[in-house]
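As structure tokens, the structure follows; a few thoughts come after it.
Note that the coordinates shown come from a computational prediction; the quantities given were computed from them, not determined experimentally.
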Amino acid sequence: MAITGRAGLLALVGIVVVALGVPSWTGVLAVLGVIAVLVAVDLLLAASVRGLVFARSGATSARLGEPVEVTLSVTNPGSRPLRGLLRDAWPPSAGVEQDRFRIAVPPGERRSVVVRMTPVRRGDRSSARVTVRALGPLGLAGRQGSHRVPGSVRVLPPFRSRRHLPSRLARLQQLDGRQAALVRGEGTEFDSLREYVIGDDVRSIDWRASARAADVMVRTWRPERDRRVLLVLDTGRTSAGRVGDAPRLDAAMDAALLLAVLASRAGDRVDFLAYDRQVRADVRGLAAGELLPGLVNAMAPLEASLVETDARGMVAEVLRRARRRSLVVLLTGLDAAPLEEGLLPVLPSVVGRHQLLVAGVADPGVAAMARARGDAEAVYEAAAAERTLAERRHVTGLLAQRGVEVVDAVPDELAPALADRYLALKAAGRL
């Protein structure tokens, strides 16, 4: 049962009137008795909330920062009209504009309310419960009850780097069949025959075709399709650090999405693995048209784990999935201590079998701090920042000495820089 503010206000007015007219406890009690009867009658005439039937429809997924709508339907199977208030409770990160509604549902009918939200955090945002307060005809009292009505909206990564895709696809077309590529060796496949011109590699001459033709014929080659690309996302402690308004993990996801779409358009097979001390997400064997939806759904619930990543376990998972030579792209932190103690000792088992590319998110604030001057505190901060940058350069050099490609860029530049390095490797015939 719920007593409304209207009943309390009515009781207060009645007591004041009685006190001013006939100042006796008998009058006050009489007024309170009348109000109590009205409240009881109002409560009896209020619709039951126990038998209400709820249903949800509308959006089940949305990109981070984009508005969506979820519809909640209420069916009143009782014999009394339902009039009152409804609250559909969602977590604050769902970004709900309004969660309280006035409703009026006649007996045997259904009404709907629309919940509009703009999520501010990636992952699954679920409704906790629906609470309904059914008021009586006088609005003095009512019945209140809560119902669990399952509802969830999966908030997907925003994929802001999509704007870089057209320019990278244009460059890819120049590498992939639009113009014949005269390259030989691993990672190429036969394209067509044409007449020999000065400057062509004599090893490309097709002597059998030349014997049947009036001119010397050479074979042209194009970058091999159906290569394997394995994207490995480190979800350990270092990915939890925030750069600007978002954790490093989100910037790494954005870069992985751009590279995945680009590689799939190039005809490569793309798999995805998220790992810290166990597998957090695993996407394998999807066709090009299914890859992007599969990746964003797998990435949506991922959160950084505040544990040190098990580098040996990660490498074991990589080797188990990539049995033939592949491009392995590891998105991780480039902090000196975790890499020197964890990843560097186990690198040989990966580099010996695959082309490894390590990408890390740099903090532009550290570079700005290193340039700061002015007072003693700023100088000390600049010295600390410069040491951090020197350690990062040292680790990058150690990786390069072991044959590892490294991309180190700030969040806004990481995705296009990683895509450019992929295209450069393709152009050099190293994939």
_Taking every non-hydrogen atom, the tightest pair across Ala94 and Met117_ = O-CB, 3.3 Å
*State whether the side chain of Arg122 and the backbone N or O of Ala300 hold a donor-acceptor pair below 3.5 Å, judged by distance alone.*
yes
*Determine the minimum heavy-atom distance between Arg325 and Arg353, stating which atoms define it.*
NH1-O, 3.3 Å
*Distance-only, no hydrogens or angles: does the Asn76 side chain make a donor-acceptor pair with backbone N or O of Val105 under 3.5 Å?*
yes
*Residues Asp420 and Arg171 bridged, charged N to O under 4.0 Å*: yes
*Any sub-3.5 Å donor-acceptor pair from Arg154's side-chain atoms to Asn297's backbone N or O?*
yes
*Got a sec: does the CZ of Arg242 have more than 12 other heavy atoms crowding it under 6.0 Å?*
yes
*Return yes if some donor-acceptor pair links the side-chain N/O of His147 with the main-chain N/O of Val132 below 3.5 Å, else return no.*
no
*Under 3.5 Å, is there a donor-acceptor pair between the side chain of His354 and the main chain of Ala322?*
yes
*Are any side-chain N or O atoms of Ser161 and backbone N or O atoms of Asp254, one a donor and one an acceptor, separated by less than 3.5 Å?*
yes
*asked:* Just so I know, are the side chains of Pro293 and Leu156 near enough to count as touching, which here means a heavy-atom distance under 4.5 Å?
replied: no
*For atom CD of Glu341, decide whether the heavy atoms of other residues, nucleotides or ligands shown that lie under 6.0 angstrom number more than 12.*
no
*Applying salt bridge (charged side-chain N to carboxylate O under 4.0 Å, His left out) between Asp88 and each of Arg100, Arg56, Arg129, report the one that passes.*
Arg56
_To the closest 0.5 Å, what do you measure between OH (Tyr422) and CD (Gln355)?_
12.5 Å
_Reported CZ-to-CG distance for the pair Arg237 and Asp276, which is rounded to 0.5 angstrom_ = 12.0 Å
*Determine whether Met299 and Arg280 make a side-chain contact, defined as any pair of heavy atoms from C-beta on separated by less than 4.5 Å.*
no
*Does the distance from a Lys or Arg side-chain N to an Asp or Glu carboxylate O, for Arg248 and Asp335, drop under 4.0 Å?*
no
_How long is the straight-line distance from CG of Leu334 back to OG1 of Thr238, given to the nearest 0.5 Å?_
9.0 Å
*Given side chain to side chain contact (heavy atoms under 4.5 Å, CB included), test Leu343 with Met314 step by step and report yes or no.*
CA-CA 9 Å; Leu343 183 61; Met314 177 187 292; 5.6 Å; no
*Can you tell me how far the CZ atom of Arg321 sits from the CG atom of Asp271, to the nearest 0.5 Å?*
8.5 Å
_Straight-line distance of Leu356 CG to Ser326 OG, nearest 0.5 Å_ = 11.5 Å
*Shortest non-hydrogen contact between Arg80 and Pro107, atoms and distance*: C-CG, 3.7 Å
*Determine, step by step, whether Leu398 and Glu340 satisfy the side chain to side chain contact (heavy atoms under 4.5 Å, CB included) criterion, reporting the C-alpha distance in whole Å, the side-chain angles of both residues, the deciding distance to 0.1 Å, and the verdict.*
CA-CA 9 Å; Leu398 291 177; Glu340 291 181 345; 3.9 Å; yes
*Determine yes or no for a side-chain-to-main-chain donor-acceptor pair under 3.5 angstrom, with Ser127 supplying the side chain and Ala89 the backbone.*
yes
*For residues Phe159 and Val296, determine if any side-chain heavy atom of one lies less than 4.5 Å from a side-chain heavy atom of the other.*
no
*Is the count of non-hydrogen atoms from other residues, nucleotides or ligands lying under 6.0 Å from Arg50 atom CZ greater than 12?*
no
*Point-to-point distance, once rounded to the nearest 0.5 Å, from CG of Leu230 to CG of Asp268*: 12.5 Å
*Arg133 vs Thr131 side-chain heavy atoms within contact, under 4.5 Å*: no
*Under the 3.5 angstrom rule, does the side chain of Arg63 hit a backbone N or O of Pro157 as a donor-acceptor pair?*
yes
*Provide the closest heavy-atom pair for Ala274 versus Thr235 in the form atom of the first, atom of the second, distance.*
CB-CG2, 4.1 Å
*Inspect the contact between Asp408 and Arg392 and indicate whether a charged nitrogen and a carboxylate oxygen are less than 4.0 angstrom apart.*
yes
*Of the non-hydrogen atoms in Pro411 and Ala362, which two are nearest, and what is the gap between them?*
CD-O, 3.4 Å
*Considering only heavy atoms from C-beta outward, does the side chain of Leu72 approach that of Val130 to under 4.5 Å?*
yes
*Please indicate whether Arg421 has more than 12 foreign heavy atoms, meaning atoms of other residues, nucleotides or ligands, lying under 6.0 Å from its CZ.*
yes
*Go through the steps to decide whether Leu347 and Val404 satisfy the test side chain to side chain contact (heavy atoms under 4.5 Å, CB included), and finish with yes or no.*
CA-CA 9 Å; Leu347 271 183; Val404 179; 4.1 Å; yes
*Apply side chain to side chain contact (heavy atoms under 4.5 Å, CB included) to Leu257 and Leu292, showing your working.*
CA-CA 7 Å; Leu257 288 174; Leu292 183 58; 3.9 Å; yes
*Taking every non-hydrogen atom, the tightest pair across Leu414 and Ala251*: CD2-O, 4.1 Å
_Main chain of Glu69, side chain of Thr71: is a donor-acceptor contact present, judged purely on distance under 3.5 Å?_
no
*asked:* Quick check: do Leu425 and Leu357 have side-chain heavy atoms less than 4.5 Å from each other?
replied: yes
*asked:* Do Leu86 and Arg111 have side chains that approach each other closer than 4.5 Å (heavy atoms only, starting at C-beta)?
replied: no
_Heavy-atom side-chain contact between Leu262 and Leu258 under 4.5 Å_ = no
*asked:* Counting only heavy atoms from other residues, nucleotides and ligands, does the tally under 6.0 Å from CZ of Arg277 exceed 12?
replied: yes
_Does Arg121 have more than 12 heavy atoms from other residues, nucleotides or ligands lying within 6.0 Å of its CZ?_
no
